[in-house]
Amino acid sequence: MSRAAKTEVTEVLLVEDSPGDTRLTLEAIRDCDLPLNLNVVRDGFEAMAFLHREGRYGAVERPALILLDLNLPGKGGREVLSEIKGDPELRRIPVVVLTTSQSEDDIGLAYGLHANCYIRKPADTNQLSGIVKGIEDFWLTKVRLPC
Amino acid sequence: MRNHRSARVRVAGGKSGRVAIEEARLPADTTGRAIAQMRRELDVMRERESLLKHELDEFIRLTAHDLHEPLRMVSCYVQLLERRYCGRLDSDADEFIQFAMDGARRMQAMVDGLSALSRVTSAGRPFRTADLNASVQSAVSALRPAIDGAGAVVRCDTLPSVLADGAQLEQLYHNLIGNALRFSNGRRPRVHVGVENKSGEHVFFVRDNGIGIDPRYAEKVFVMFQRLHARDEYEGNGIGLAVCKRIVERHGGRIWVESEPGKGAAFRFTIPDRKEGLPKETKP
């Protein structure tokens, strides 16, 4: 659902195995004072369980946006992406691939699997804040998403 | 310098007088066999060289890739420390944070440089007919802010088309012209991009009126991470010319610099005009 007022908190799913990266994303959200609730899962199996509201994720709200790292242990980010975009319900959720890879092959593959956009993780916290703010501003404020 | 062995292999063309005497001393079939043997050895050595080059490429690529992640963590968290705690601890702590930031920044530049170097071979595109004028124009457009900022004049002669990776030649000109602008000696930089024909070979050049290079360091400038000046005097990460050398070598050419301190520098390179027999590349 699109957010009606700025004060409402939007659920975002972060699929990321590195605690260091997760914390950086959290700090960026905090720095920019964004009304986002970051749900973190550490691999692809957990991500799919979360999205299908299975097991301990039975009561979670469906996220408005997914931030997906490509390099995950177990079920990788590419598999997660292809499962999400192969599912008629889940494919409506925008998936932002946020990864360290700068390989043209990965970029091509991600868009081939219908990623909504591909962003390379920066090595600078100001840039990261800018990216997180940009994602929030575009995907969760300006863009109109289906209910 | 040619060694004894390769000098003898060249004999096959029969152009050396000294060798003609050697040949006269030996029965014809012995000479033929010896030459064939040397050719085989040369092939083996070439094969080994290309294998070693490939291994080095892989090593650089993996090193750059694997260092990137932990370094990104160090950089980001030191930045967070600085942003949140600078001025809130004590002056020693502030200074330590600054040194750590500076180190992380420099290492980042080096890792980026290594990636750029490895991409010359790993992300290189096949050779096609490339208009060098277009490569130079793109490089100049990209450098426009720096050119205008320095009040520089860049003169470009008409260049031929060559069989090459056009994007890499643009990068080559970008680095060489960028270099000419950076080491400008406080004067208004004048850069001349052109070509000369020397004994049937195109020799391309980028000449400037900058600080020049002591001939003693003429080889050293192309070595990775070598800097001839203090960091605060001239910026740069010591990788641009190493990338240039790699690009030219991927095309089977040579690059060198002719200069004297205070008299500007002329970077020259060749791109063999080949219809066939492109340098062999080992792809991962």
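Fair warning: this is a prediction, and the values are worked out from it, not measured in the lab. In the text below, chain A, chain B and the rest are named by the order of the sequence lines, each starting its count at 1.
Within 6.0 Å of NZ on A:K75 lie more than 12 heavy atoms contributed by other residues, nucleotides or ligands. Counted within 6.0 Å of CZ on A:R53, heavy atoms from surrounding residues, nucleotides or ligands total more than 12; the atom is thus considered enclosed. Few gaps surround CD on B:Q98; more than 12 heavy atoms of other groups in view lie less than 6.0 Å from it. At most 12 heavy atoms of other shown residues, nucleotides or ligands fall within 6.0 angstrom of atom CZ in B:F59. Within 6.0 Å of atom NE2 in B:H65, 12 or fewer heavy atoms from other residues, nucleotides or ligands are found, so the atom counts as exposed in its surroundings.
The two atoms that bring B:C76 and A:P122 nearest to each other are SG-O, 4.2 Å, heavy atoms only.
Most heavy-atom pairs under 4.5 Å with chain A: of the set B:Q108, B:R83, B:H68, this distinction falls to B:R83.
A heavy-atom distance below 4.5 Å is not found between the side chains of A:T125 and B:Y77. Residues B:E69 and A:D21 are in side-chain contact: their nearest non-hydrogen atoms beyond the backbone lie under 4.5 Å apart.
Between the side chains of B:R72 and A:T100, not a single donor N or O lies within less than 3.5 Å of an accepting N or O.
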Let's go through A:E27 and B:R84 carefully: what are the C-alpha distance in whole Å and the side-chain angles of both, what is the deciding distance for salt bridge (charged side-chain N to carboxylate O under 4.0 Å, His left out) to 0.1 Å, and is it a yes or a no? CA-CA 11 Å; A:E27 294 299 329; B:R84 300 235 178 115; 2.5 Å; yes
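Note that the OG atom of B:S75 and the CG atom of A:D124 stand 8.5 Å from one another [nearest 0.5 Å]. Rounding to the nearest 0.5 Å gives a distance of 12.0 Å between CE of B:M73 and CZ of A:R23.
Heavy atoms of A:D31 lying under 4.5 Å from chain B belong exclusively to its side chain.
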